[in-house]
Amino acid sequence: MFIKSFYSDRRKALVKEMKTGLILLPGNEDSPMNYRANTYHFRQDSSFLYFFGADRPGLAGIIDIDENRHMLFGDDDDLSDIIWMGTRHSISELGDMAGVDRTHSIAELEKIIRQGRDKGRKIHFLPPYRAERMMKLEALLDIHHSGIMKQVSVELIKAVAKLRSVKSKDEIAEIEKAVDIAEKMHTTAMKMAQPGIYEREIAGRIEGISLSHGNPVSFPVILSIDGQTLHNHYHGNLLKPGRIMVTDAGSETDLHYASDITRSVPVGGKFGEEQKDIYNIVLKSLEKSVMSIKPGIPYRDIHLKAASVIAGGLKELGIMKGNIDEAVTDGAHALFFPHGLGHMLGLDVHDMEDLGEDFVGYDDEIKRSDQFGLAFLRLGKRLQENFVLTVEPGIYFIPALIDKWKSDKVLTEYINYDKLEAYRNFGGIRIEDDVLVTATGSRVLGPRIPKTVEDIEETMSLP
Ligand code: GLY
Ligand code: MN
Ligand code: MN
């Protein structure tokens, strides 16, 4: 855990953002995989971690806004728990480490919530994303689970998103540690990307690197020579010359801060000319985006700038045509770049996505577009100093999408469908870095992870 004042200061800041009532922040529970005692790897809820730090199942926190009282709930281990799991911190030790006023048993949680409800006090809670949480809320609040999402506290969501979006220097240092691990994962993947090896051998190795540094990956590894499938978790292909291997993978630190890095490399270690052309467009798009990031600029504008670089590059290759500004305004680039430029990064790889993407990435000024492509941008609002976000442009040739647009004659003024045929089996390329918004611009977090054609080819030539 961080030092206790971090947690008490965060809770104090949260109280300042709220008007009245009780804030209920349940932690996560163990979740069975295939029978009760065989559970998924435990992952604590990120907002609970942010405000209380304690990293084990069976806990909950309450913050009484009106009395500024902070309470941690949980049951101490009994002898049987100690036999199976060893000696762990007591609840009062965990409470002390988080700087709370009082600790209580879980039975007390129900009482305090009931008393609050009896007095007509507002109970604020965040949107649940697990069935166990839904059922816990149903029991505590006497709201049928079908009605829970309608009663989440928008005031609390906005307050939590506001606080968690701006990272402290210690949080940034944690994210950089996670990028350090990602660097080892990605350079290993690059060196292994030789013909005759299965994707699963590489995916397994890099997942093991994350585990060997103490924690699982921050999201299931995406690694494929079919990089045109954006989130490809199938790892059964044999690597073949002529394909690009896309690896999108990151790790978590002990405190659960995430990294999220993508690299795209040629199987065998040498880019072909056509691959180099497409790769360098994506790289230019990434570099221009990173250079344009600064406080006050809407990330939607950076996304559109990245899209312009992609459309301009594809025009030079004859795949797109016409006026590039108009092509981007009309969304023609989305045939090749159908996702958003990036998202917030922190305790979650898509930070705070459980709170609702629009509360995190949009605001009263900048609303989400419904245009294909731009609609998938998770972060559109103006950037602030100490936001951490991903920048992840890509170019993909997705045969099913190409065929649909071609047969529907979509945006034929900007797309040279005949020329495009030569690329339909190209695959895809994405490059992703984790970026801090600084006072005057931006900084790519972590060590240099090979990114230029020359750096990648050199790294892949090393043992
Ligand atoms: N790792 C998934 C993403 O880049 O958003
Ligand atoms: Mn990623
Ligand atoms: Mn990402």
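The structure presented is a predicted model; accordingly, all values stated were derived computationally and were not measured. Atoms within each ligand, like the ligands themselves, are counted from 1 in listed order.
- Between Asp354 and Arg133 there is no salt bridge, since no side-chain N of the basic residue sits under 4.0 Å from a carboxylate O of the acidic one.
- Between Lys284 and Glu287 there is no salt bridge, since no side-chain nitrogen of the basic residue lies less than 4.0 Å from a carboxylate oxygen of the acidic one.
- The existence of a salt bridge linking Asp170 and Lys167 is excluded, since no basic side-chain nitrogen approaches an acidic carboxylate oxygen closer than 4.0 Å.
- The Mn ion (ligand 3) lies closest to atom OE2 when only the N/O/S atoms of Glu392 are considered.
- Below 4.0 Å from some heavy atom of Glu432 lie the following atoms of ligand 1, by number and element: 4 (O).
- Counting the atoms of ligand 1 from 1 in the order shown, those under 4.0 Å from a heavy atom of His343 are 3 (C), 4 (O), 5 (O).
- Set against the non-hydrogen atoms of His350, the atoms of ligand 1 under 4.0 Å away are 2 (C), 3 (C), 5 (O).
- Within the 2.8 Å limit, His350 places no N, O or S atom next to the Mn ion (ligand 3).
- Of the angles at the Mn ion (ligand 3), the one spanning OD2 of Asp260 and OE2 of Glu432 is 80° when given to 10°.
- Taking the charged nitrogens against the carboxylate oxygens, Arg300 and Glu365 have no contact shorter than 4.0 Å, which rules out a salt bridge.
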- Start with the C-alpha distance between Glu132 and Lys136, add both sets of side-chain angles, then the distance that settles side chain to side chain contact (heavy atoms under 4.5 Å, CB included), and finish with yes or no. CA-CA 6 Å; Glu132 292 93 339; Lys136 187 187 272 185; over 6 Å; no

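- Within Asp248, the N, O or S atom at minimum distance from the Mn ion (ligand 2) carries the name OD1.
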- Derivation and outcome, salt bridge (Lys or Arg N to Asp or Glu O under 4.0 Å), residues Asp455 and Lys451: CA-CA 6 Å; Asp455 276 356; Lys451 203 163 47 186; over 6 Å; no

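- A salt bridge is absent between Lys381 and Asp358: the closest approach of a Lys/Arg side-chain nitrogen to an acidic carboxylate oxygen does not fall below 4.0 angstrom.
- Set against the non-hydrogen atoms of His231, the atoms of ligand 1 under 4.0 Å away are 2 (C), 3 (C).
- Using 4.0 Å as the threshold, Val349 has no heavy atom nearer than that to any atom of ligand 1.
- Checked for salt-bridge contact, Asp363 and Arg382 miss the test: no charged N lies under 4.0 Å from a carboxylate O.
- Annotation: Arg430 places no N or O atom under 3.5 Å from an N or O atom of ligand 1; distance criterion only.
- Using a 4.0 Å cut-off to heavy atoms of Glu392, the atoms of ligand 1 that qualify are 3 (C), 4 (O), 5 (O).
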